[in-house]
Colleague: 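Take this structure first; my questions come after.
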Amino acid sequence: MTIASTLHCDWEAALAARAEAGLLRQTEVLQPLPGPRPFYRDSAGQTLLSFASNDYLGLARHPALRAAATASFASGEYGAGAAPLLGGVRAEHEALAQALADWLEVEDVLLFGSGYLANLGILSGLVEGRDLLLLDRLAHASLIDGARLSGARLQRFRHNDLAHLETLLQKPRRGRAWIVSEGVFSMDGDLAPLPELSALAARYDAGLLLDEAHAFGVLGAQGRGSLAYWGLPAGAVTLRVGTLGKAFGSYGAFVAGPRRLTRWLQQAARSYLFHTALPANVAAASRAALDLLREGEGLRQHLQGLRNTLQAGLQGRAFLPSQTPIQGLILGSNAAALRAAAALRSAGIYCPAVRPPTVPVGQARLRISLSAAHNQDDIQRLLCALQLIAGGE
Ligand SMILES: *Cc1c(COP(=O)(O)O)cnc(C)c1O
């Protein structure tokens, strides 16, 4: 047997096993239909209203982003062509980083290619092999991968469990300790108890790294995220990570904090050093998005109204408690989640099943994600479709 043929058989069997367990994943092409609301057409020609996107403010379809991207083309260059430190930085990147730093009232912002790369970069660049990393059990895969890359000792604390975290902080350690959490958790939509996390970090002299992927744009005055929501100063955390691919409706990511740390990451974060800078027009569109997001109080209020309608209409069904646009309906088995997603789809609603390893085994679910691009009729339609689904199993 050659390696080519054994690989073929092994992978064939592995794919079949995944399919059998209801775990096979695949992409499909969804064509956006014109207009601000998140309608798509699938390859069979069915029109679908999406509740799957992280475009919480509906900015992905905003004409201001398109206009900014188009205007930036006037320079005649699409791809930046090089890493940031080797000539890839344009005026659009600088203007975006400056605007983000002003918005968050931090010394500096460093742009990354994506949130995934940013998390790999800050954890591997800042955290040393002898350090102790304490990650919330529900932390995003990119934080886990960054933690592994750092070589530090990794311990997970039970989700939002401050007592458990404190017992881990009390143990003797060699290097620094770091607490890693998310302002808003991506799959459950609940919040980290940031005032208490910050107090624990101070008491045990630990760093606190906060992933704001689902908080920026959604929480707090001017969409400034968790610190604004909780009324904490910028110094309450060591560093924050934000992505431009969610509420910003664009692409890319950034790290916000003190200049000595961003300068250090520029030297040490390999996912920064060795990636090609974002296309300048993507940075230009992100900056247009920031203006809308800062001024987006009306969008955030509308979003809140949609969430109230959804929760009132659900009348006690087994949704996870969440004050954010992320509303999780736990169905348990993969098969149940797949059946529920198929039922919604038959009613013209796109909301794919979320299964392990994205969520813990036995907690397969529908992750309903609301957007300011939805209207009240859309929520009524979702509520009707949800009646097709039996509750958890
Ligand atoms: C989406 C996400 C990321 C990754 O961001 P991208 O820009 O999509 O790579 C990181 N952390 C969390 C919590 C996320 O939900």
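When reading the values below, keep in mind they use all heavy atoms of this one structure, side chains included, and skip hydrogens, waters and symmetry mates. In what follows, residues are counted from 1 in the order of the sequence shown.
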Colleague: For the CZ atom of R365 and the CG atom of D188, what is their distance to the nearest 0.5 Å?
Modeller: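 Spacing of CZ (R365) from CG (D188) equals 4.5 Å.
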
Colleague: If you round to the nearest 0.5 Å, how far is CD of Q387 from CG of L382?
Modeller: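 Reported value, rounded in 0.5 Å steps: 10.5 Å.
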
Colleague: Residues two or more places apart in sequence or in another chain: which of them pass ring-ring contact (aromatic ring centres under 6.0 Å, His included) with F248?
Modeller: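 Testing F248 for ring-ring contact (aromatic ring centres under 6.0 Å, His included), a comparison that skips the adjacent residues, returns W103.
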
Colleague: What distance separates I330 CD1 from L320 CG, expressed to the nearest 0.5 Å?
Modeller: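 It comes to 4.5 Å.
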
Colleague: Determine whether L293 and L111 fall in the same hydrophobic cluster, where Ile, Leu, Val, Met, Phe, Trp and Tyr are linked whenever their side-chain heavy atoms lie under 4.5 Å apart.
Modeller: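 L293 clusters together with L111.
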
Colleague: Look up atom CG in L292 and atom CG in L290, then write down how far apart they are to the nearest 0.5 Å.
Modeller: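 Those atoms lie 9.0 Å apart.
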
Colleague: Would you kindly confirm whether F254 and L273 end up in one hydrophobic cluster when ILVMFWY residues are joined by side chain heavy atoms under 4.5 Å apart?
Modeller: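 No; L273 is not reachable from F254 via cluster members.
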
Colleague: I'd like to check the side chain to side chain donor-acceptor pair (under 3.5 Å) partners of Y40; sequence neighbours left out, ordered by chain and number.
Modeller: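 In terms of side chain to side chain donor-acceptor pair (under 3.5 Å), with neighbours along the sequence ignored, Y40 is linked to no residue.
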
Colleague: Do other residues, nucleotides or ligands put more than 12 heavy atoms under 6.0 Å from the CG atom of D205?
Modeller: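 No, because the 6.0 Å sphere around CG of D205 holds 12 heavy atoms or fewer from other groups.
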
Colleague: With side-chain hydrogen bond (donor to acceptor under 3.5 Å, both in side chains) as the criterion, how do N281 and S72 come out once you've worked through the C-alpha distance, each side chain's angles and the decisive distance to 0.1 Å?
Modeller: CA-CA 5 Å; N281 76 316; S72 136; 5.2 Å; no

Colleague: Could you walk me through whether T358 and R25 pass the side-chain hydrogen bond (donor to acceptor under 3.5 Å, both in side chains) test, one step at a time?
Modeller: CA-CA 12 Å; T358 309; R25 296 163 178 232; 2.9 Å; yes

Colleague: Any side chain to side chain donor-acceptor pair (under 3.5 Å) involving residues 216-226? Give me the pairs, sequence neighbours left out, ordered by first then second residue.
Modeller: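 Every side chain to side chain donor-acceptor pair (under 3.5 Å) pair that includes a residue of residues 216-226, provided the two are not neighbours, is E212-S226, Q222-R294.
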
Colleague: Answer whether the closest heavy-atom distance between the side chains of V241 and T243 falls below 4.5 Å.
Modeller: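 V241 vs T243: side chains apart.
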
Colleague: Suppose we screen for side chain to side chain donor-acceptor pair (under 3.5 Å). Which residues come up paired with H159, at least two apart in sequence or across chains?
Modeller: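 So H159 forms a side chain to side chain donor-acceptor pair (under 3.5 Å) with D136, D190.
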
Colleague: The test is side-chain hydrogen bond (donor to acceptor under 3.5 Å, both in side chains); show your working for Q311 and R307 and say whether it passes.
Modeller: CA-CA 6 Å; Q311 292 200 328; R307 195 182 61 79; 3.0 Å; yes

Colleague: Side chains of H93 and L278: closer than 4.5 Å at any heavy-atom pair?
Modeller: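 Touching, per the 4.5 Å side-chain cut-off.
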
Colleague: Please identify each residue that fulfils side chain to side chain donor-acceptor pair (under 3.5 Å) with E28, with sequence neighbours left out.
Modeller: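 Here the qualifying residues are R345.
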
Colleague: Counting C-beta onward and ignoring hydrogens, is there a side-chain heavy-atom pair between I389 and L331 closer than 4.5 Å?
Modeller: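 Yes - at least one pair of side-chain heavy atoms lies under 4.5 Å apart.
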
Colleague: Quick one: are R176 and R130 in side-chain contact, heavy atoms under 4.5 Å?
Modeller: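 Not in contact.
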
Colleague: Within the 4.5 Å heavy-atom criterion, are L210 and L194 side-chain neighbours or not?
Modeller: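 L210 reaches L194 side chain to side chain.
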
Colleague: Less than 4.5 Å apart, side chain to side chain, heavy atoms only: is that true for W264 and R259?
Modeller: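 No - every pair of side-chain heavy atoms lies 4.5 Å or more apart.
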
Colleague: Sort and list the pairs that fulfil ring pair (Phe, Tyr, Trp, His ring centres under 6.0 Å) and have at least one residue in residues 342-367, not counting sequence neighbours.
Modeller: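 Sorted pair list comes back empty.
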
Colleague: Enumerate the residue pairs fulfilling ring pair (Phe, Tyr, Trp, His ring centres under 6.0 Å) with a member in residues 353-381, sequence neighbours excluded, ordered by first and then second residue.
Modeller: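 Of all non-adjacent pairs touching residues 353-381, those that pass ring pair (Phe, Tyr, Trp, His ring centres under 6.0 Å) are F51-H374.
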
Colleague: Flag the pair L366 / V354 as yes when at least one side-chain heavy-atom distance between them is below 4.5 Å, and no otherwise.
Modeller: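 A side-chain contact under 4.5 Å is absent here.
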
Colleague: Using 0.5 Å steps for rounding, measure from the CD1 atom of I368 to the CG atom of L370.
Modeller: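 One gets 7.5 Å once the value is rounded to the nearest 0.5 Å.
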
Colleague: Can you tell if the side chain of L49 reaches within under 4.5 Å of the side chain of R381, non-hydrogen atoms only?
Modeller: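 Touching, per the 4.5 Å side-chain cut-off.
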
Colleague: Are there more than 12 heavy atoms of other residues, nucleotides or ligands under 6.0 Å from atom CZ of R287?
Modeller: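 No, CZ of R287 has 12 or fewer neighbouring heavy atoms, counting only those of other groups under 6.0 Å.
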
Colleague: List in chain and number order the residues that pass side chain to side chain donor-acceptor pair (under 3.5 Å) with R367, two or more places apart in sequence or in another chain; answer none if no residue qualifies.
Modeller: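 Scan of R367 (side chain to side chain donor-acceptor pair (under 3.5 Å), adjacent residues dropped) gives N54, Y56.
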
Colleague: Look at E107 together with R260 and state whether they make a salt bridge at an N to O cut-off of under 4.0 Å.
Modeller: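 No, no charged N to carboxylate O under 4.0 Å.
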
Colleague: Test question: given the 4.5 Å side-chain rule for I, L, V, M, F, W and Y, name all other residues clustered with L86, or answer none.
Modeller: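 Direct or chained contacts put L86 with none.
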
Colleague: Answer with yes or no whether the hydrophobic clustering places L261 together with L133; edges join I, L, V, M, F, W, Y residues whose side-chain heavy atoms lie under 4.5 Å apart.
Modeller: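 Per the 4.5 Å side-chain linkage, L261 and L133 are co-clustered.
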
Colleague: For R148, enumerate each residue passing the salt bridge (Lys or Arg N to Asp or Glu O under 4.0 Å) test, keeping only those at least two apart in sequence or located in another chain.
Modeller: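 Checked R148 against salt bridge (Lys or Arg N to Asp or Glu O under 4.0 Å); matches are D145.
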
Colleague: So, taking the atom named CG in L168 and the one named CZ in R153, what distance separates them when rounded to the nearest 0.5 Å?
Modeller: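 Here the interatomic distance stands at 8.5 Å.
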
Colleague: Please enumerate all residues that pass ring-ring contact (aromatic ring centres under 6.0 Å, His included) together with Y272, with sequence neighbours excluded.
Modeller: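 Counting only residues at least two positions away or on another chain, Y272 forms a ring-ring contact (aromatic ring centres under 6.0 Å, His included) with F112, H275.
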
Colleague: List the residues meeting salt bridge (Lys or Arg N to Asp or Glu O under 4.0 Å) with E77, not counting sequence neighbours, and say none if there are none.
Modeller: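 Only R90 meet the salt bridge (Lys or Arg N to Asp or Glu O under 4.0 Å) criterion with E77.
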
